[in-house]
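Nothing fancy with the numbering, it's 1 onward along the sequence.
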Amino acid sequence: MVVGAVDIDCPQHRLCGYRDLIRGVSGGGAAMSRWPEAAPFVPQIASTGGDGGAAVAGGGWSSGSSSPAPSSCSSSSSWREGDCCYDVCWCSSSTVHELRSIAERMVRDGYIEGLIRAFGGAATAGAAGRRGPPDELLLHNWFSQLDVEWVLLLHTCSEEEEDEHVRRPPPLPVEDLMALMERWIRALLTMVQVLCITQLELRAKKPTVAGVRRAIQFFLLRRDSKTAHADYVQQVVQFARFAEESILRMLAFVDAATLAVVQDDDDDHRVAEALPGMLQVYACISEASPTVLAMFKEASDLLASGSSRHGQEAQVFDGMDGIFLRKRKKLSDAIWNMMEKVRASFLQDGCWQVSPEASGVHETTVLMMNYIALLWRNDDVLTFILQDHHFSVFVSHTQGFSSVVNLITDIISCLGHKLEEIASSLSNSILDPALRCIFLLNNWQLVLHRIESLDLPSWALIDRCRTRRYIDTYIDVFWSPLLCCIFIGNSSDTPRKKTYRPAFGFRRYLSLENFEIEFRKTYAKHKFFKVPDPKLRQRLRQAIIQKIIPHYSMYLEERAARGMHNRPPKITPEQLKELLEELFEG
């Protein structure tokens, strides 16, 4: 079959046609390229078996490409933002530009014009004035060139079926859903570009009358003008029918995708991992719908002013507005349901299992921050989704409020409370209380580091003083007691503002030795604690140095001034400082 200047039945064209060009977008080759993957963000629920309470992978959530199970803490800086990308962007400006070039080629080759003409002949076959069934072979060729011929096999859910419990075909496998989303988004972007370019060319062919001379010619050749206008209207009808059938068939994927993520309850973790793709599908439809609806509006206005038969056609095209609204609402409901599942999983204790000597960044903290980054990168899309779910009280950016920012700050607040709750309940898992402090410091430092990289608005309510409180607690509990060996503290003072005076008198011969013994014990115990963030590591060291060194130097000076030379100190303040600067390397 020859469509325009292209033989669409030619095997060579099928193998080397527009499909390969679309597959090669952003990939530099004919083979399907792997587009950016979202960083893993779904936690794995661990259950305790009978082997001494060791955490084992349960049958719940998993993090997909995240190999380390969250039953242990990462002691390395595996949370660096350079290791993964936070969001999936399948409709970037460069991608849209490449797809538009392909769309222009489709139109320029005459492929689309011939396809519409052939489709119009098939659709109007049968009784006069009645629309016949579309030519499935033509649609198959069209969708095959878009690399989505499988969409034609999907079930289109009607409005009645959405309200009634009818038997539907099985949903798409979730493991294939992300790859299908990529192909579908490319196809829809290309299709919309093709239809827009075609309509522009069709508009340029519209018969016009300008000036007196043209008006005279028009009246002299009125019969020919009527014929030309009738031909133009017929072309508009053919184009609108082709566009309507193409868009409706493409939107069937929305029903199939939402059905897959809603009904696959046995593998909720895989369902949640499709969230980045679902957000991109929503964004694609939201961006495409104004263009598509404007296209149908133009066709409807033209046909509504014609015969009654064309007036009925116009009403059919007007119904596209309601169809897009229903598809967006269905996607919005599915996405919100997925977000609720992800959030609930983070609050389960099963994904916060730790080993007895772990103090590093927990895998679940990393996953939770990946999830927050995913939300922020899709701020515009989520704003509309939250509006759909009646959270419009926070959507005024001009007044300093954003629904997505408030959603993120709420999640971060929950994370902070969850970390403290986990730390306080880790007495059976992490026996050393000092390790629990380091655990809190490492994890909250990651949170602050990732928040800083997101560049949230300055008014976002983030507790940035939590790190300071954790450092003060750590030093007061585990390092300040060393000073009690050489000083007598005022018991009426608070720990942070405790005042000391040298411990002379009957303790003058034992105080220095006690200090050196206790320092060795504390230093040996804390030296190999791992603090992966270099800024936090240096901050901790300086806080300890500022706490210990001035008092130790003052004690030695007072000791020398009192003539207490019974035994020189085994370590000088400078040597003590050098030792403290080696802490927390792991």
Side-chain angles (χ1 to χ4, degrees), residues 75 356-360 423 426-427 430-442 467-532 534 536-586:
S75 60
E357 298 181 357
S359 64
L426 289 180
S427 56
I430 302 180
L431 301 179
D432 191 339
L435 273 177
R436 296 199 290 271
C437 286
I438 299 299
F439 170 83
L440 284 173
L441 277 168
N442 282 331
T467 301
R468 177 74 262 172
R469 295 199 303 270
Y470 292 157
I471 291 176
D472 291 342
T473 300
Y474 170 69
I475 292 176
D476 290 339
V477 173
F478 302 104
W479 290 93
S480 292
L482 296 178
L483 300 177
C484 294
C485 299
I486 54 178
F487 287 87
I488 298 175
N490 187 347
S491 59
S492 62
D493 292 338
T494 60
R496 291 185 59 185
K497 297 182 178 180
K498 202 174 188 66
T499 57
Y500 298 93
R501 65 179 187 274
F504 296 121
F506 72 93
R507 298 177 57 187
R508 65 184 180 276
Y509 297 107
L510 298 178
S511 55
L512 179 59
E513 182 178 356
N514 287 342
F515 173 82
E516 292 172 343
I517 293 174
E518 293 302 319
F519 177 81
R520 289 193 204 100
K521 289 180 181 180
T522 303
Y523 182 78
K525 184 178 180 180
H526 292 236
K527 178 180 180 180
F528 297 105
F529 288 173
K530 179 67 174 180
V531 178
L536 176 62
R537 186 167 60 242
Q538 187 61 24
R539 186 177 175 183
L540 262 176
R541 290 169 176 171
Q542 289 302 314
I544 297 172
I545 288 172
Q546 293 172 9
K547 188 71 175 180
I548 301 297
I549 300 301
H551 290 91
Y552 183 59
S553 299
M554 184 177 67
Y555 171 79
L556 293 180
E557 292 172 0
E558 290 281 345
R559 189 172 181 273
R562 289 173 179 264
M564 300 174 62
H565 300 291
N566 59 305
R567 183 177 73 80
K570 294 181 179 180
I571 184 171
T572 65
E574 291 75 18
Q575 293 172 329
L576 197 68
K577 181 179 180 182
E578 290 178 1
L579 287 174
L580 293 175
E581 287 179 341
E582 297 176 359
L583 287 170
F584 311 122
E585 291 289 348

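In this structure, Pro481 and Ile475 approach most closely via the heavy-atom pair CD-O, 4.4 Å. Closest of all the heavy-atom pairs between Pro569 and Tyr552 is CB-OH, 3.7 Å. Between Phe439 and Ala423, the shortest heavy-atom contact is CD2-CB, 4.3 Å. Nearest heavy-atom pair across Glu582 and Glu578 is CG-O, 3.5 Å. For the residue pair Arg539 and Ile471, the shortest heavy atom distance occurs at NE-CD1, 3.6 Å.
With contacts defined as side-chain heavy-atom distances shorter than 4.5 Å, the pair Ile438/Leu540 qualifies. Side-chain contact between Leu512 and Tyr555 is present, with at least one heavy-atom pair separated by less than 4.5 Å. Residues Leu441 and Phe529 have side chains not in contact (no heavy-atom distance under 4.5 Å, counting atoms from C-beta outward).
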Taking only distance into account, with no hydrogens and no angle test, what donor-acceptor pairs under 3.5 Å do side-chain atoms of residues 515-522 form with protein atoms, sequence neighbours excluded?
from: Glu516; atom 1: OE1; to: Arg567; atom 2: NH1; distance (Å): 3.4
from: Glu516; atom 1: OE1; to: Arg567; atom 2: NH2; distance (Å): 3.0
from: Glu516; atom 1: OE2; to: Lys570; atom 2: N; distance (Å): 2.9
from: Thr522; atom 1: OG1; to: Glu518; atom 2: O; distance (Å): 3.0

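Phe584 meets the ring pair (Phe, Tyr, Trp, His ring centres under 6.0 Å) test with no other residue; sequence neighbours excluded. Partners of Phe478 according to the ring pair (Phe, Tyr, Trp, His ring centres under 6.0 Å) rule, which considers only residues two or more places apart in sequence or in another chain, are Tyr474, His526. Glu585 pairs by the side chain to side chain contact (heavy atoms under 4.5 Å, CB included) definition with Arg537, Arg541, not counting sequence neighbours. With sequence neighbours left out, Glu557 forms a side chain to side chain contact (heavy atoms under 4.5 Å, CB included) with no residue at all. Not counting sequence neighbours, the partners of Lys525 by the salt bridge (Lys or Arg N to Asp or Glu O under 4.0 Å) test are Asp432. Under the side chain to side chain contact (heavy atoms under 4.5 Å, CB included) criterion, Gln575 pairs with Ile571, Thr572, sequence neighbours left out. In this structure Thr473 satisfies the side chain to side chain contact (heavy atoms under 4.5 Å, CB included) test together with Val477, sequence neighbours excluded.
At distances below 3.5 Å, at least one donor-acceptor pair connects side-chain atoms of Tyr523 with backbone N or O atoms of Leu579. One N or O on the side chain of Asn442 and one on the backbone of Lys530 form a donor-acceptor pair closer than 3.5 Å.
Atoms CG and CD, on Leu583 and Gln538 in that order, are 10.5 Å from each other to the nearest 0.5 Å. Here CG of Leu580 is found 5.5 Å from CD1 of Ile549. Values are rounded to the nearest 0.5 Å. Distance check, rounded to the nearest 0.5 Å: CD1 of Ile486 to CG of Leu556 gives 7.5 Å. With values rounded to the nearest 0.5 angstrom, Ile544 atom CD1 is found 13.5 Å from Lys577 atom NZ.
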| request: Show the numbers, then the answer: is there a side chain to side chain contact (heavy atoms under 4.5 Å, CB included) between Tyr470 and Leu536? | output: CA-CA 11 Å; Tyr470 292 157; Leu536 176 62; over 6 Å; no
